[in-house]
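Have a look at the structure below before the remarks.
Worth knowing before you read on, the calculation uses all heavy atoms, side chains too, and leaves out hydrogens, waters and symmetry mates. All figures in this text were calculated on a predicted structure; none of them were measured in a lab. Whatever order the structure lists ligands and atoms in, that order sets their numbers, starting from 1.
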Amino acid sequence: MSGKATVIAPSNIAFIKYWGTRDEERVLPFNPSLSMTLTNCFSITTVEHLDDEGADEVFQSGRGGVLEAASATFAARVEEHLERLRRWAGIGGRFRVATENSFPMGTGMASSASGFAALTLALVRALDREVDTAELTVLARRSGSGSAARSVLGGYVIWPAGDGDEGGHAVAVAPAEHWDLRDVIAVLDGTPKLVSSREGHRRAPSSPYFERRLELLPERLDRVRAAIERRSFVDLAPAVEEEAIDLHLIAMSSRPPIFYWQPATLRVLAEVRRLRTSGLEVCATMDAGANVHAICSARDEPRVSEAIEGLPEVGSVIRDGVGAGPITVQEHLF
Ligand code: PMV
């Protein structure tokens, strides 16, 4: 039997970050993480299962939205996950896959969380399998991009560290409608990511501050959870910023060190602090890259966007916000 399905899965921004992998094969983190699923930054992926023998085919949307053969590195990561899912499903045959991101490539926006969540969900739908959400988050995580587990769900999502060999599955702690937070993403020019997050996870435990961060995290996670529950921006802001700084502190003190920041990163961080001091509900976080995510209330989003867009160091701004999670669509990419 052959089947075809297309899924749109959004990216997510972590308030408490996954940084450090205790089991690379099973993709098990050292610490729990908590994120907000986005809306406008997404991947759309079509998967078709074909009964005949032969190689999997992977296409990526290139210039002008025309599908072209994916780059060798990207295709290899996708094929590895297809093979894993073929084994999980206990089937033969091959897959044809096409994927497109809503945000431009080379902007330093990680597409692995949305991309692997979309790939996993589209494949499961193409095979017409009934799989519960908990297992879907585990299948997405096994892609190697652990944060993909959180993109399977909408709203505010926690991925526990778990213990033992299996680890935990991601669960939503609040739906998107609970709190309309926005994410104004300052895309900084010339930000090639020199070290992958996979390599960053490997190096993290070599930082002399790694253990200390793990000790501080349970209390910080509680603060973020409570702030979300109460929709309290004043409580959320310091916890989110402490956490973002800690991730980069671990990266910068890993052996060998990793510097994701650029001078423009500091410029945007200073602007976010200035805006908060002037009374706006805004705070900053960064993933494994130079871009700054200004998390803000819906009320203050227009003023935050305007201020960040006005900085000469900022290449462009993506305006995003909390979203309801992946959807299956009827229009396929091929
Ligand atoms: O899921 P990965 O392996 O791409 O790692 C994600 C790492 C961060 O984006 C920095 C943090 C996170 O939890 O999203």
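Note on ligand 1: I13 sits outside its first shell, no heavy atom being nearer than 4.0 Å. Residue contact annotation: S112 has a non-hydrogen atom under 4.0 Å from ligand 1.
In summary, the side chains of H332 and T6 do present a donor paired with an acceptor at a separation below 3.5 Å, with no hydrogens or angles considered. At a cut-off of 3.5 Å, with distance as the only test, a side-chain donor of S253 or S207 sits close to an acceptor on the other residue. Side chains of H201 and R198: a donor-acceptor N/O pair is absent below 3.5 angstrom, by distance only.
Within the listing of ligand 1, atoms 12 (C), 13 (O), 14 (O) sit less than 4.0 angstrom from a heavy atom of A14. Interface of A288 with ligand 1, defined as ligand atoms under 4.0 Å from a residue heavy atom, comprises 10 (C). Atoms of ligand 1 lying under 4.0 Å from at least one heavy atom of L247, given by number and element, are 10 (C). When each atom of ligand 1 is checked for a heavy atom of S145 under 4.0 Å away, the hits are 1 (O), 2 (P), 3 (O), 4 (O). Listed by number with element, the atoms of ligand 1 under 4.0 Å from a non-hydrogen atom of S147 are 1 (O), 2 (P), 4 (O), 6 (C), 14 (O). Annotation for ligand 1: atoms under 4.0 Å from non-hydrogen atoms of G146 are 1 (O), 3 (O).
The residue from E243, K17, H293 that alone fulfils the side chain to side chain donor-acceptor pair (under 3.5 Å) condition with T285 is K17. Each of E53, E57, E79, E83 was compared with R94 under the salt bridge (charged side-chain N to carboxylate O under 4.0 Å, His left out) criterion, and only E57 meets it.
F15 places a side-chain heavy atom less than 4.5 Å from the side chain of I228.
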Practice task
Could you give me the CA-CA distance, side-chain angles and deciding distance for S35 and I13, then say whether side chain to side chain contact (heavy atoms under 4.5 Å, CB included) is met?
Solution key: CA-CA 5 Å; S35 58; I13 179 69; 6.0 Å; no
Handout entry: E215 vs R212, salt bridge (Lys or Arg N to Asp or Glu O under 4.0 Å): CA-CA, chis, key distance, verdict
Key = CA-CA 5 Å; E215 285 165 17; R212 182 67 186 133; 2.7 Å; yes
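Between the choices S197, S196, S11, S111, the shortest heavy-atom distance to atom 4 (O) of ligand 1 belongs to S197. Counting heavy atoms only, R150 comes closest to atom 14 (O) of ligand 1 of the residues H201, R150, R141, K17.
When only non-hydrogen protein atoms are considered, atom 7 (C) of ligand 1 lies nearest to Y18 O, 3.6 Å.
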